[in-house]
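If you're wondering where the values come from, they're calculated on a predicted model, not measured in any experiment.
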Amino acid sequence: MRTVVVLYHAADRVTNIPRPVSDAPGTLPAQSPTLLIVDDDPLIVDSLRYFLGKEFAIVSADTRGEALKALEQREDLPVAALIDLGLPPTPHRPDEGFALIAELLARVPDIRIVVLSGQNDAANARHARVLGAADFVAKPAEPQHLLALLKQLLAVGREAVPATAATADALLIGQSAPMQKLRLQLRQYANAPFPVLIEGESGSGKELVANALHHLSERARRPYFALNCAAIAPSLVEPTLFGHAKGAFTGAAGARAGYFEDAADGTLFLDEIGELPLDLQPKLLRVLENGEYQRVGETQSRTSRTRVIAATNRDLKKEVREGRFRADLYHRLSVFTVSVPPVRELGDDRLLLLEHFSHEFARLFATQPFSLAEDARQRWLDYAFPGNVRELRNIVIRLTTKHPAERIGLYELEDELDEGGAQTGSSPPGLPADPAAFERLALDHLRDQGHQGDFSLDRLLRQWERAYINAAQQLAQGNLSHAAKILGVNRTTLYNRIETLSRTDS
Ligand SMILES: Nc1ncnc2c1ncn2[C@@H]1O[C@H](COP(=O)(O)OP(=O)(O)OP(=O)(O)O)[C@@H](O)[C@H]1O
């Protein structure tokens with residue numbers, strides 16, 4: 001998937017590009033946010049470093065493994081990442097890039113990921129967005145455009161932290177039955193003396209739910225600490241949670257309290273609990289059972305009254321069966337389990353979320369919200385949002401940027417959706433059970449076009465093509481992905497053919 005990319009101005013020759021800013025921390029003002037660039041083409045990396053190095057402290061890597069290692073070694077986590085999908089050892093497939101997106105988000109949930117995609121990777125780029133990438137930019141990329149995009153994405157702030165029970169509830173958008181059930185559970189469990197385990201697919205809102213639980217509880221005015229167990233090196237989890245004595249390990253210059261101590265009688269949210277190292281699990285179990293723990297390097301026991309909320313997008317029962325998670329800890333954590341529903345189960349909440357985010361981002365970008373035409377609205381309701389609210393929110397950000405105050409039709413919307421994500425569980429509507437019926441419908445469409453003047457083979461072939469496309473669209477009720485499936489081509493091909501046909505028509 002390596003493509004030739006021009007990331008420098010026409011006036012700049014490659015040889016004129018100054019030496020890149022070093023990866024080493026400290027070459028820029030301390031407040032420069034960190035940008036991670038992952039690409040196996042050194043020319044791209046150097047060019048990006050040259051143009052973006054004035055605004056960001058650049059960290060680069062040419063493989064997924066190197067990127068994750070770089071993350072572990074730095075204290076200042078990147079605020080954004082530019083990544084190529086095709087990375088070694090499989091540079092011609094997107095798998096490494098896809099895996100990296102998920103891994104980056106697991107470690108740095110707020111990171112804004114932009115995929116730098118080859119011209120022909122539109123479908124992959126769309127799938128990357130489902131996985132949580134904020135946007136994709138086709139190569140060759142204009143550096144000014146990239147910079148503007150990054151600035152805009154970073155202007156979209158972190159989610160507001162709710163200050164009261166009322167706002168905690170209000171931040172959770174949704175009136176569907178699964179959301180009502182979730183709200184009821186949160187109120188029931190808010191003050192229970194047990195941990196709560198939050199389960200849900202990636203991007204479904206587990207962190208928001210943990211926040212809401214804390215603010216609905218009587219601990220709302222007490223500290224709230226969060227640790228993403230996937231985000232830090234395994235060796236640092238124990239001292240971070242429990243603290244350490246002076247000299248307990250290399251670099252432990254002084255004694256330090258851990259999150260259990262700092263959170264005191266507040267709440268500690270352990271995100272990605274499935275990543276908790278096995279050897280640490282008995283220590284977490286002990287503190288959950290009787291409140292006892294020890295700082296690393298100390299023998300004296302301390303006591304904690306912190307309430308633990310844990311979250312996972314893994315099937316923890318399966319992790320237990322496969323020996324990666326202790327059964328006793330699982331049972332202790334899961335006394336109260338809350339399941340955050342995926343967006344595909346939320347029905348009309350998709351429209352509420354759309355309304356909420358489109359107004360929020362229009363305000364932020366000082367513009368007017370867009371609206372959806374009827375066919376696009378229907379498609380919005382049909383789409384499964386495999387990347388859940390995170391994907392939905394990112395789509396709204398892009399639409400707000402590209403079509404401020406506009407009425408958006410099906411084609412503009414289709415461009416933002418993932419080809420493989422069209423199904424809502426059941427089989428696609430209108431897929432022909434009987435291929436002969438499809439052919440009959442196509443022939444009807446062919447007849448509708450009638451005869452025009454002298455015979456022309458080109459025109460005849462276009463008429464057949466148009467007839468089959470119309471028939472497929474009719475069967476798919478306007479759903480382009482389903483129509484593409486019926487026709488046995490991918491959606492981008494279909495889109496291009498429709499465009500070519502309409503150009504020839506006009
Ligand atoms: N019901 C909701 N109402 C409003 N915003 C929501 C809702 N659910 C999720 N969000 C927003 O969607 C984004 C993703 O949510 P969040 O980070 O909580 O998901 P998550 O399940 O913790 O993801 P991950 O599994 O990747 O950690 C956030 O911006 C969050 O504020």
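Salt-bridge check for Glu391 with Arg129: failed, with every basic side-chain N at 4.0 Å or more from each acidic carboxylate O. Taking the charged nitrogens against the carboxylate oxygens, Glu416 and Lys402 do have a contact shorter than 4.0 Å, which makes a salt bridge. A salt bridge links Glu275 with Arg314: the closest approach of a Lys/Arg side-chain nitrogen to an acidic carboxylate oxygen falls below 4.0 angstrom. The pair Asp315-Lys317 does not count as a salt bridge, with every side-chain nitrogen at least 4.0 angstrom from each carboxylate oxygen.
Neither side chain, Asn313 nor Glu201, offers a donor N or O lying under 3.5 Å from an acceptor on the other. Between Glu142 and His145, the side chains place no donor N or O within less than 3.5 Å of an acceptor N or O (distance only, hydrogens not considered).
The main-chain N or O of Asp110 is found under 3.5 Å from a side-chain atom of Arg112 such that the two form a donor-acceptor pair. Side-chain atoms of Asp349 come within 3.5 Å of backbone N or O of Ser176 as a donor-acceptor pair. At distances below 3.5 Å, at least one donor-acceptor pair connects side-chain atoms of Asn191 with backbone N or O atoms of Glu218. Thr306 contributes a side-chain N or O that, together with a main-chain N or O of Ala264, makes up a donor-acceptor pair within less than 3.5 Å.
Side-chain contact between Phe242 and Leu280: present, with at least one pair of heavy atoms (C-beta onward) separated by less than 4.5 Å.
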Please list, one pair per line, the donor and acceptor atoms closer than 3.5 Å that link side chains of residues 329-339 to other protein atoms, with sequence neighbours excluded.
unit_1, atom_1, unit_2, atom_2, d
Arg332, NH2, Leu288, O, 3.3
Ser334, OG, Tyr330, O, 2.7
Thr337, OG1, Ser334, O, 3.1

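The line from CG of Leu216 to CG of Leu186 is 6.5 Å long, rounded to the nearest 0.5 Å.
Using the six-membered ring where Trp is involved, His215 and Tyr224 have ring planes that are tilted, between 30° and 60° apart.
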Step by step, would you call Ile273 with Leu197 a side-chain contact (heavy atoms from CB on, under 4.5 Å)? CA-CA 9 Å; Ile273 189 76; Leu197 179 65; 4.3 Å; yes
